[in-house]
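Taking it in order: structure first as structure tokens, then the write-up.
The first residue in the sequence is number 1, and the count goes up from there.
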Amino acid sequence: MEATITTRGKKRAAFLSIVSNTTLIILKFIAGYISGSISIISEAIHSLSDLLASFLAFFSVVKSSAPPDADHQFGHGKYEDFSGLIEGTLIILASFYIVFEAVKKILNPTEFALDTNIAIAVMLFAAVLNFFISMYIFRVAKKTDSIALFADAEHLRTDVYSSLAVFAGLLIIKITGIAILDPIIAIIVAVLILNAGFNICKKASNNLLDGTLPLEENKIIMDILEDYAISRNVHFKNVKTRKSGINREVELTLLVNAEKTIKEGHHYCDEIEKNIEEKLGNTSFLIHLEPFVENHCIK
């Protein structure tokens with residue numbers, strides 16, 4: 001039941017992102033057309049990449065929630081990681097296009113005659129809307145440990161910063177009439193977008209390539225194992241961790257005194273799994289039991 005509620009919440013957050021991005025794309029393209037501002041057009045392109053990312057996030061959330069089947073016996077969690085990688089790539093491509101258009105405008109300047117009022121109003125509205133939407137999606141992403149939703153929220157957060165930058169730039173242009181600021185602001189926006197894209201790709205790639213869990217999570221696991229080893233007089237070796245979608249996977253070899261029964265050894269495994277699960281959540285385990293003779297254990 002809890003899994004169903006979690007999946008429903010993820011779908012709701014992804015769908016909300018689609019609706020908000022669609023609205024902002026329409027408003028930004030209209031404002032950009034009326035004003036002739038490359039910085040607003042760049043923001044519209046940014047939102048378009050956000051919309052594509054939102055569709056990807058929604059698709060991956062639906063697919064990753066499917067149970068294991070004959071073709072995917074370990075589940076479908078990596079759909080979220082793959083989606084995150086595509087989303088990050090879209091952001092990077094969008095940033096390069098924005099720089100290309102901005103440089104063209106710098107090299108071939110035209111008269112900057114525009115109605116800044118509607119442009120300023122749209123950018124302020126976009127910043128406020130994306131702030132609240134991104135905070136909501138970040139909360140859902142953290143609660144469900146969804147990298148697809150995290151990537152989507154990261155999209156929207158960079159949109160907040162870039163929208164505020166464009167808003168401030170247009171305000172300065174309105175006051176000073178310095179038109180060259182418009183493409184310069186667009187390039188600054190592109191740098192922010194590029195940085196976010198690289199961060200998302202790095203995290204998604206780590207999971208797709210079965211990289212280890214983050215340092216802080218590995219420390220939690222090792223602290224639990226070491227405390228347990230002291231309290232139960234057991235040993236452990238070959239500890240491995242990785243991430244697949246929202247699921248963490250932990251493998252290790254547990255060495256139990258040879259005089260203990262299989263039932264006792266299995267009980268130790270259950271206790272370790274419970275302790276780690278309580279700290280991290282969404283964790284699956286593969287624990288190999290081996291016997292050892294006291295004072296002859298090789299860790």
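- In this structure, the side chain of R248 does not engage the main chain of L213 through any donor-acceptor pair within 3.5 Å.
- Between M135 and F138, the closest side-chain pair of non-hydrogen atoms falls below 4.5 Å.
- Considering all non-hydrogen atoms of both residues, V122 and A31 come closest at CG2-CB, 3.9 Å.
- Scanning for side chain to side chain donor-acceptor pair (under 3.5 Å) contacts around Y136 gives an empty result, with sequence neighbours left out.
- V256 places none of its side-chain heavy atoms less than 4.5 Å from the side chain of E264.
- To the nearest 0.5 angstrom, E216 atom CD is 10.0 Å from L280 atom CG.
- L93 and V99 are not part of a single hydrophobic cluster, where members link through side-chain heavy atoms under 4.5 Å apart.
- Counting only distance, with no hydrogens or angles, the side chain of T23 and the backbone of V19 share a donor-acceptor pair below 3.5 Å.
- Here the straight-line distance linking atom CG of L225 with atom CG of N275 works out to 9.5 Å at 0.5 Å rounding.
- Taking 4.5 Å as the limit, every side-chain heavy atom of N218 sits out of range of all side-chain heavy atoms of V239.
- Two different hydrophobic clusters hold V103 and F96 under the rule that ILVMFWY side chains link at heavy-atom gaps under 4.5 Å.
- No salt bridge links D270 with K274; every basic N to acidic carboxylate O contact stays at or beyond 4.0 Å.
- With a 6.0 Å radius and a threshold of 12 heavy atoms from other residues, nucleotides or ligands, I175 has its CD1 atom above the threshold.
- Residues I272 and I221 are members of one and the same hydrophobic cluster, defined by side-chain heavy-atom contacts under 4.5 angstrom among Ile, Leu, Val, Met, Phe, Trp and Tyr.
- Side-chain contact between I120 and L124 is absent, with no heavy-atom pair separated by less than 4.5 Å.
- Counted within 6.0 Å of CD on E278, heavy atoms from surrounding residues, nucleotides or ligands total more than 12; the atom is thus considered enclosed.
- Judged purely by atom type and a 3.5 angstrom limit, S163 has no side-chain atom pairing as donor or acceptor with the backbone of V160.
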Check: residues 183-200 side-chain donor-acceptor pairs under 3.5 Å, at least two apart:
unit_1: N199; atom_1: ND2; unit_2: N195; atom_2: O; d: 3.3

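- With rounding to the nearest 0.5 Å, the separation of CD in E277 from OG in S284 is 9.0 Å.
- The structure places CD1 of I137 at 6.0 Å from CG of L16, a figure rounded to the nearest 0.5 Å.
- Heavy atoms only, all atoms of each residue included: R157 and S134 are closest at N-CB, 4.0 Å.
- Between the CZ atom in R232 and the CG atom in N257 there is a gap of 14.0 Å [rounded to 0.5 Å].
- Contact detail for I25 and A44: the closest heavy-atom pair is CG1-O, 4.3 Å.
- L254 has its side chain within reach of V234: a pair of non-hydrogen atoms, C-beta onward, lies under 4.5 Å apart.
- Listed for the E251 side chain is no donor-acceptor partner under 3.5 Å among the backbone atoms of L286.
- Side-chain contact between I224 and K279: present, with at least one pair of heavy atoms (C-beta onward) separated by less than 4.5 Å.
- L289 and G265 make their closest contact through CD1-C, 3.8 Å (heavy atoms, listed as atom of the first residue, atom of the second, distance).
- Using a 4.5 Å cut-off on side-chain heavy atoms (C-beta onward), F236 and T253 make no contact.
- Residues L252 and F285 form no side-chain contact, since every pair of their non-hydrogen atoms from C-beta on lies 4.5 Å or further apart.
- Going from atom OG1 of T241 over to atom CD1 of I220 covers 11.5 Å, rounded to the nearest 0.5 Å.
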